[in-house]
Amino acid sequence: MKVVVDGEEKDMWALWYDDDTDEVVFIDQRKLPHRFEIYRAKDYSAVAFAIKDMVVRGAPAIGAAAAFGMAQAMVQGRKFEEVAKIIAATRPTANDLFFAIDFMRQSMAKGKEPTTAADEFVRGIVDRCRRIGENGAPLIEDGMRILTHCNAGALATVDYGTALAPMRVAHKQGKKIFVFVDETRPRLQGAKLTAWELRMEGIDHALIADNAAGHYMRTGEIDLVITGTDRVTASGDFANKIGTYEKAVVARANDIPFYVAAPISTFDFSIKSGSEIPIEERGPEEVLVVEGNSIAPEGTPVRNPAFDVTPGEYVKAFITEDGVFPPDGLKKMEW
Ligand code: MRU
């Protein structure tokens with residue numbers, strides 16, 4: 001992804017493995033957009049903290065962090081299953097986390113060198129997201145106005161993105177596109193991260209309050225919705241950032257096509273119904289505290305689900321590295 005730091009343009013990944021120090025290195029997503037800081041994880045517990053505290057977030061990027069974290073733990077002489085248990089307990093919803101740990105488990109069983117295996121996994125994710133961009137770009141016509149929720153860009157996937165990848169490619173192809181960016185309460189990934197990525201890429205966009213999306217869909221200003229996802233079931237039900245379900249329902253009510261972009265690592269064919277997806281509940285402070293200030297009476301009870309489930313019937317198609325599939329025609333892809 002293109003990043004401008006102190007006036008200098010760089011091409012960077014959201015996270016990588018430093019072979020010299022055996023540290024997992026992250027762009028600290030908690031600090032963007034106003035500060036560009038790097039977080040260096042010295043061991044698996046720091047990697048687990050980075051995932052849980054959302055230094056790194058977004059399903060494929062969480063998977064990449066897990067792969068690098070497992071490799072680092074192996075280099076540092078830890079026991080695979082002990083570390084896997086701790087990393088797997090960080091965030092429950094993203095299938096990529098468990099897919100990555102499993103990939104590393106199988107690689108170790110085959111006798112692969114840990115950092116080589118993790119590197120292969122992460123390069124695989126990056127390449128798959130690039131292909132998602134190529135497969136999704138034809139769905140975007142010149143002049144289209146697209147709504148997206150949360151951040152499913154390069155920060156969320158190491159590079160390119162899932163939902164943002166087709167937009168990146170369409171933009172590079174010279175199509176004039178406009179992106180409506182949901183702010184995405186409570187963590188504001190849209191406002192902080194998607195708006196930052198689109199600015200770096202020079203893609204036209206406007207930030208909107210979450211509750212403005214329905215208005216723009218009804219008034220005819222949105223032609224297409226594309227989101228990412230944390231887990232897709234065999235029936236096409238999917239979990240994504242809280243608020244996605246209501247965007248899908250309003251899109252259907254207004255005949256606006258709703259697409260979901262994801263690589264194979266996000267698909268969980270072991271379950272059918274979306275109600276089987278574990279939904280992470282996060283702490284009350286994310287809802288109660290905005291930019292350091294409490295916004296509700298002290299002691300106000302809070303519910304804070306990080307994701308919701310949208311039934312597959314609301315999805316026009318899934319954009320994957322292997323093609324574009326309707327929810328009732330999902331193909332079991334191979335890694
Ligand atoms: O809580 P987050 O920021 O990890 O949630 C991220 C999302 O909901 C993304 O849309 C999803 O992980 C897909 S990322 C390509």
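By convention here, the first residue in the shown sequence is residue 1. Hydrogens, waters and symmetry mates are skipped; everything else that's a heavy atom, side chains included, is used. Ligands are counted one by one from 1 in listed order, and the atoms in each one are counted from 1 as well.
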- Message: When you measure from the side chain of R131 to the backbone of T320, do you find a donor-acceptor pair of N or O atoms at a distance under 3.5 Å?
- Response: no
- Query: Near R91, which atoms of ligand 1 are under 4.0 Å from a heavy atom of that residue?
  - Reply: 1 (O), 2 (P), 4 (O)
- With heavy atoms and a 4.0 Å threshold, my read on which part of A61 contacts ligand 1 is neither
- Under 4.5 Å between any side-chain heavy atoms of I242 and R185, yes or no? no
- Considering distance alone, does some N or O of M54 sit under 3.5 Å from an N or O of ligand 1? no
- Message: Taking salt bridge (Lys or Arg N to Asp or Glu O under 4.0 Å) as the definition, give me every residue that meets it alongside D308, ordered by chain and number, with sequence neighbours left out.
- Response: none
- Among T148, N151, T184, find the residue that satisfies the side-chain hydrogen bond (donor to acceptor under 3.5 Å, both in side chains) test when tested with T194. N151
- Counting each atom of ligand 1 from 1 as listed, which ones have a heavy atom of A59 under 4.0 Å away? 12 (O), 14 (S)
- Query: So, for F103 and F121, is the gap between ring centers shorter than 6.0 Å?
  - Reply: yes
- Query: For ligand 1, which part of T229 has a heavy atom less than 4.0 Å away: the side chain, the backbone, both, or neither?
  - Reply: backbone
- Sub-4.0 Å heavy-atom approach of A94 to ligand 1: no
- Task: Step through it carefully: locate the ring centre of F26, locate the ring centre of W16, and say whether they are under 6.0 Å apart.
- Result: no
- Task: Kindly say whether K42 contributes a backbone atom to a donor-acceptor pair with the side chain of Q72 at under 3.5 angstrom?
- Result: yes
- Query: Going by the atom numbers of ligand 1, which of them fall below 4.0 Å from some non-hydrogen atom of F307?
  - Reply: 1 (O), 5 (O), 8 (O)
- Query: Which ligand 1 atoms, with their elements, are less than 4.0 angstrom from a heavy-atom of K241?
  - Reply: 1 (O), 2 (P), 5 (O), 8 (O)
- Message: Considering non-hydrogen atoms of the protein only, which is the closest contact for atom 9 (C) of ligand 1, and what is the distance?
- Response: N240 OD1, 3.4 Å
- Query: Of all the atoms in ligand 1, which lie at a distance below 4.0 Å from a heavy atom belonging to D230?
  - Reply: 6 (C), 7 (C), 8 (O), 9 (C), 11 (C), 12 (O)
- Item | NZ/NE/NH1/NH2 to OD/OE distance under 4.0 Å, R130 and E321 | no
- Near T162 (heavy-atom distance under 4.0 Å), the atoms of ligand 1 are 15 (C)
- Just jot down the ligand 1 atoms closer than 4.0 angstrom to any heavy atom of T157, in number order. 15 (C)
- Which atoms from ligand 1 have a heavy atom of A156 less than 4.0 Å away? 14 (S), 15 (C)
- Message: Just so I know, are the side chains of V225 and F180 near enough to count as touching, which here means a heavy-atom distance under 4.5 Å?
- Response: no
- Message: Using a 3.5 Å cut-off on N or O atoms only, is C150 in polar contact with ligand 1?
- Response: no
